[in-house]
**Student:** 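Structure incoming, see below.
Counting from 1, the numbers follow the sequence of the chain as shown. We use all heavy atoms of the structure for the numbers below, so side chains are in, but hydrogens, waters and symmetry mates are not. Fair warning: this is a prediction, and the values are worked out from it, not measured in the lab.
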Amino acid sequence: MMKTADVVIIGGGISGCATAYFLAKKGVKNVLLIEKGYLASGSTGRCGAGIRQQWGTELNCMISKHSCDFFETANEELEYDGDIEFKQGGYLLVTSTDKEHEQFIKNIEVQNRMGIHSKLLTLEEAKEIVPFLNTDGLISAAFHQKDGHLNPFHTTQAFADAAKRLGATIMTHTEVTGIDVENGKIRGVRTNKGDVATAVVLNAAGGYSQKIAQMAGVDLPVYSERHQILVTEPIEEILGPMVMSFSLNIYCQQVPHGGIIMGRGDENEPRDLRTTSSWQFLEEMALCATKLLPPLRNAKVLRQWAGLYNMSPDRQPIYGPVEEVEGFYVAAGFSGHGFMFGPSTGLIMSEYILGEKLTLPVETLTLSRIKQNKLVFEPSVV
């Protein structure tokens, strides 16, 4: 274990690795990232890996567009030996209620204003994109071609490799056991492999961010709930875009290797950090998916898993410093879209830590907004 570090980042998902990269790129050499498992072993590696820019708030549109632009040239920017596998097949979002249809009209106005060229479609136009879509009970759809799919393991590794080339240190299979705070200031981090003195800690621990915050004496107003996903065996290519419905509670996409990944939310899911799977999800997922996309009846389920959605009160991320503990920073509460925000998160947090002017004006997403009840709800979350 290093004896001292300028910055300690807790969490080896995309948020932590991207921040390590941007800090190292800006010349901070003594950066230490600590991950209790392997890189992307938490929420990043367990996500559905979709990348979209179709949101209902200007903030999320701005953050996602900036990230998507980065992903388009990430292999070159990060000098990655592999391929992050960015497939821009689009997102087809469908509506099934009048209220949702009206929300989509508002969302698209916001998206277009932010430079995202999404559009509202009739059901006939939607079927031109996905011919076997069952439109019974649907009203309309929205589509944006630049949305798509990204490999979470390769993407996280690309950031980590680039950070290490620039001087950052990454320690995996190392568990944080405590955070030392003295007179309201960060003094160090304790781990099962030794202690490190530091004045700056970034909490990028995803589903465990609340637990890490408690080590610093901070009450982080988030909770983590289980979110389950399944993938089918690889089949011939039949589905170009991600198909998603908020009201029907489903997202479904064919990934580059041919498997169909799908997931759905459930407000009754446990919030005790478990990542087990349930037969109830498998049954509900199968019924929902085969009704909306009938050809999936013939696809065999290969495996099923679960990860953690770290939920904030308004379903938008929490970025920035924690006022009551000097040197303690948070990037958490992504509510299911932390992976697709990764590059923006890394840049934002590097700027906060270094006291730089923010490239993206996200000052309203600090922890203080929740304490002051200045919430801006994101309507477009499954």
Side-chain angles (χ1 to χ4, degrees), residues 7-20 22-23 33 42-44 47 55-64 66-67 176 179 181 186 200-225 227 271 273 307-356 358-381:
V7 180
V8 173
I9 299 170
I10 303 173
I14 193 169
S15 296
C17 289
T19 304
F22 281 106
L23 285 171
L33 184 147
S43 297
T44 294
C47 72
W55 297 94
T57 62
E58 287 190 358
L59 284 168
N60 281 343
C61 286
M62 175 183 61
I63 295 168
S64 63
H66 179 271
S67 288
V176 172
I179 298 175
V181 178
I186 292 290
V200 179
V201 170
L202 168 61
N203 177 2
Y208 294 84
S209 59
Q210 188 178 45
K211 181 178 179 181
I212 294 298
Q214 288 170 349
M215 293 181 183
V218 174
D219 181 17
L220 190 61
V222 297
Y223 64 88
S224 295
E225 69 179 19
H227 188 96
R271 300 177 181 179
L273 303 182
L308 299 173
Y309 269 26
N310 189 235
M311 305 295 293
S312 71
D314 55 7
R315 297 183 171 185
Q316 301 210 72
I318 301 172
Y319 286 136
V322 176
E323 294 178 354
E324 58 263 43
V325 179
E326 184 178 334
F328 192 55
Y329 296 81
V330 173
F334 292 102
S335 306
H337 39 282
F339 174 57
M340 62 184 79
F341 284 6
S344 295
T345 297
L347 178 62
I348 290 165
M349 296 314 302
S350 71
E351 292 170 341
Y352 265 124
I353 289 169
L354 296 177
E356 299 175 345
L358 297 180
T359 301
L360 301 174
V362 297
E363 292 88 348
T364 56
L365 293 182
T366 59
L367 180 59
S368 61
R369 80 174 188 275
I370 299 173
K371 296 179 180 179
Q372 297 168 10
N373 198 30
K374 295 181 178 179
L375 307 181
V376 182
F377 285 90
E378 171 56 60
S380 302
V381 177

**Student:** What are the two closest heavy atoms between Phe22 and Leu347, and how far apart are they?
**Tutor:** CD1-N, 3.4 Å
**Student:** Before you tell me yes or no, could you show the steps for Val381 and Trp55 under side-chain contact (heavy atoms from CB on, under 4.5 Å), namely the whole-Å CA-CA distance, both residues' side-chain angles and the distance that decides it to 0.1 Å?
**Tutor:** CA-CA 9 Å; Val381 177; Trp55 297 94; 4.3 Å; yes
**Student:** Between Thr364 and Val376, is the side-chain contact (heavy atoms from CB on, under 4.5 Å) condition met? List the steps.
**Tutor:** CA-CA 9 Å; Thr364 56; Val376 182; over 6 Å; no
**Student:** CG/Leu308 to NE2/His227 distance, rounded to the nearest 0.5 angstrom?
**Tutor:** 11.0 Å
**Student:** How many angstroms lie between CG in Asn310 and OG in Ser209, if you round to the nearest 0.5 Å?
**Tutor:** 3.5 Å
**Student:** Check Ile14 against Gly338 and note the closest heavy-atom contact, atom names and distance.
**Tutor:** CG2-O, 3.9 Å
**Student:** Could you walk me through whether Tyr352 and Leu202 satisfy the side-chain contact (heavy atoms from CB on, under 4.5 Å) test, starting with their C-alpha distance in whole Å, then the side-chain angles of each, then the deciding distance to 0.1 Å, before giving a yes or no?
**Tutor:** CA-CA 10 Å; Tyr352 265 124; Leu202 168 61; over 6 Å; no
**Student:** Looking only at side chains, do Thr359 and Glu351 share a donor and an acceptor under 3.5 Å apart?
**Tutor:** yes
**Student:** So how far is it from Ile186 CD1 to Tyr329 OH, rounded to the nearest 0.5 Å?
**Tutor:** 10.0 Å
**Student:** Check whether Asp314 reaches the backbone of Phe377 with its side chain - one donor and one acceptor, N or O, closer than 3.5 Å.
**Tutor:** no
**Student:** Any sub-3.5 Å donor-acceptor pair from Gln210's side-chain atoms to Ser224's backbone N or O?
**Tutor:** no
**Student:** Looking only at side-chain N and O atoms, does Ser335 offer a donor or acceptor that is under 3.5 Å from a partner on Glu378?
**Tutor:** no
**Student:** Quick check: do Val176 and Val8 have side-chain heavy atoms less than 4.5 Å from each other?
**Tutor:** no
**Student:** Can you establish whether the number of heavy atoms outside Lys371 located under 6.0 Å from its atom NZ is more than 12?
**Tutor:** yes
**Student:** Let me see the working for Thr345 and Phe334 under side-chain contact (heavy atoms from CB on, under 4.5 Å), right down to the final yes or no.
**Tutor:** CA-CA 10 Å; Thr345 297; Phe334 292 102; 3.5 Å; yes
**Student:** For a quick test of reading the model, state the closest non-hydrogen atom pair linking Val330 to Met349 and the distance between them.
**Tutor:** O-CE, 3.5 Å
**Student:** Using a 4.5 Å cut-off on heavy atoms from C-beta on, say whether the side chain of Phe328 contacts that of Val181.
**Tutor:** no
**Student:** So which heavy atom on Pro343 is nearest to which on Ser67, and how close?
**Tutor:** CD-OG, 3.5 Å
**Student:** Say you draw a straight line from CD of Gln316 to CZ of Phe341; how long is it, rounded to the nearest 0.5 Å?
**Tutor:** 7.5 Å
**Student:** Nearest 0.5 angstrom please: Leu365 CG to Leu358 CG, how far?
**Tutor:** 10.0 Å
**Student:** Closest heavy-atom contact between Ser368 and Glu323?
**Tutor:** CB-OE2, 3.9 Å
**Student:** What's the separation between atom CD1 in Ile63 and atom OH in Tyr319, rounded to the nearest 0.5 Å?
**Tutor:** 4.5 Å
**Student:** Using modelled atom types only, decide if a donor and an acceptor are shared between the side chain of Asn203 and the backbone of Ala205 within a distance under 3.5 Å.
**Tutor:** yes
**Student:** Would you confirm whether Ser43, through its side chain, and Gly307, through its main-chain N or O, come within 3.5 Å as a donor-acceptor pair?
**Tutor:** no
**Student:** Specify the closest pair of heavy atoms between Thr57 and Pro379, including all atoms of both residues, with the distance to one decimal.
**Tutor:** CG2-CD, 4.3 Å
